[in-house]
> 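Structure incoming, see below.
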There are 2 protein chains.
Amino acid sequence: MKHLAKDECGFATALNAIGGKWKTEILWEIALAPRRFGALRRLLPGVSEKVLAQQLREMEADGLVRRQVFPGAVQKVEYSVTDIGRSLNDAVCVMSAWGKAQERRMVLRPVVGQEKPRPLIRLRA
Amino acid sequence: MKHLAKDECGFATALNAIGGKWKTEILWEIALAPRRFGALRRLLPGVSEKVLAQQLREMEADGLVRRQVFPGAVQKVEYSVTDIGRSLNDAVCVMSAWGKAQERRMVLRPVVGQEKPRPLIRLRA
DNA sequence: TAAATTACGCACTTTGAAGTAAGTACTACC
DNA sequence: GGTAGTACTTACTTCAAAGTGCGTAATTTA
């Protein structure tokens, strides 16, 4: 792995794209299959409609997801992953593999109370 | 790349390790060479002593960083990267490369003034 | 002797992403 | 007619990470 100069580093850019609380999960879900807004709501228990809409709009602006409105009586909007989104998902998977390998060693900080063991972010590997 | 089950994904673990605002930069700097506390302060303009000390302690607890106190008249503490830290840095570089490649396309959101884009990462509780 | 450097610790404040709750507008079903 | 589902938007609140500023204690330099 080559060292990049500090100001040539694109990590901030990558985090800017994936840094939202639900973005990796959104990316994961729509990478599995195109999903509608309501389907994503149900697939990501705990996400609010506000944040879901917000992060989808940002990801669309970043070219990670495609938003398609289908004509018809009832509203139908479908979100799918773009090639760029898929490539980001792949990059995320490298970090994911690292995390998986180090899992036992790490000090898992937050986890207050008896909240679900540790809701992990899903993605491709 | 193979699909991992949701609860087998280690991305949260990775973010837990590198998610602090300054951690990637700290890792980067000490990966170049072992650094003393004061040197890091100067190398990361804008970091507060509180946060620097805090994140170094967390990274030490996570095994990313080694802290060595040198005996002598003046206090001297040196921070260096561990093998684990270096491996994380490599993983980070993959995302960094992605970011570098996509940089022009991305919508760099806020970025007030001349500050660099540095989004925070938040995990699910 | 006063000031600066070393590596922090502690208490308080700020900030902004995310959460909460409500509203919109259209359709569909009973 | 009333309730439910579609895909959102908007105003307000919460809370923890990060920022601010001051304290410490030994030593070294001017």
> Taking NZ, NE, NH1 and NH2 as the nitrogens, is one of them in B:Lys23 or B:Glu58 under 4.0 Å from a carboxylate oxygen of the other?
yes
> Does B:Arg35 come within less than 4.0 Å of B:Glu29, counting only side-chain N to carboxylate O?
yes
> Side-chain N or O of B:Gln55 less than 4.0 angstrom from OP1 or OP2 on D:dA17?
no
> Any idea which of C:dA7, D:dA7, D:dT6 is nearest the A:Arg42 side chain?
D:dT6
> Taking the side chain as every heavy atom from C-beta outward, state whether B:Glu78 and B:Phe70 have any atom pair closer than 4.5 Å.
yes
> How many Å lie between CD on B:Glu58 and C1' on C:dG9, as a whole number?
15 Å
> Measuring to OP1 and OP2 of C:dA7, would you say a side-chain N or O of B:Arg36 lies under 4.0 angstrom away?
yes
> Considering only heavy atoms from C-beta outward, does the side chain of A:Leu52 approach that of A:Ile26 to under 4.5 Å?
yes
> Base, sugar-phosphate or nothing for A:Arg67? Non-hydrogen atoms, less than 4.0 Å.
sugar-phosphate
> Which nucleotide sits closest to the side chain of A:Arg57: D:dT9, C:dC8, D:dA18?
D:dT9
> Roughly, in whole Å, what's the span from CG in B:Leu44 to C1' in D:dG19?
15 Å
> Please report the closest heavy-atom contact between A:Thr82 and A:Gly63, naming both atoms and the distance.
OG1-O, 2.5 Å
> Once you apply a heavy-atom cut-off of 4.0 Å, does A:Glu78 come out as touching a base, just sugar-phosphate, or nothing?
nothing
> Tell me, do A:Val92 and B:Phe11 make a side-chain contact under 4.5 Å, heavy atoms counted?
yes
> Measure from NZ on B:Lys76 to P on D:dT27 and round the result to the nearest Å.
17 Å
> For B:Ser80 and B:Arg66, what are the C-alpha separation, side-chain angles and deciding distance, and is it a side chain to side chain donor-acceptor pair (under 3.5 Å)?
CA-CA 5 Å; B:Ser80 51; B:Arg66 193 180 299 115; 3.2 Å; yes
> Classify A:Tyr79 by what it touches in the nucleic acid, base, sugar-phosphate, or nothing, heavy-atom distance under 4.0 Å.
sugar-phosphate
> For nucleotides 20-30 of chain C, read 5' to 3', which letter fits each nucleotide if B means a protein heavy atom sits under 4.0 Å from the base, S means only the sugar-phosphate is that close, and - means neither?
B----B-SS--
> Between B:Gln54 (CD) and D:dT20 (P), how many Å, whole number?
14 Å
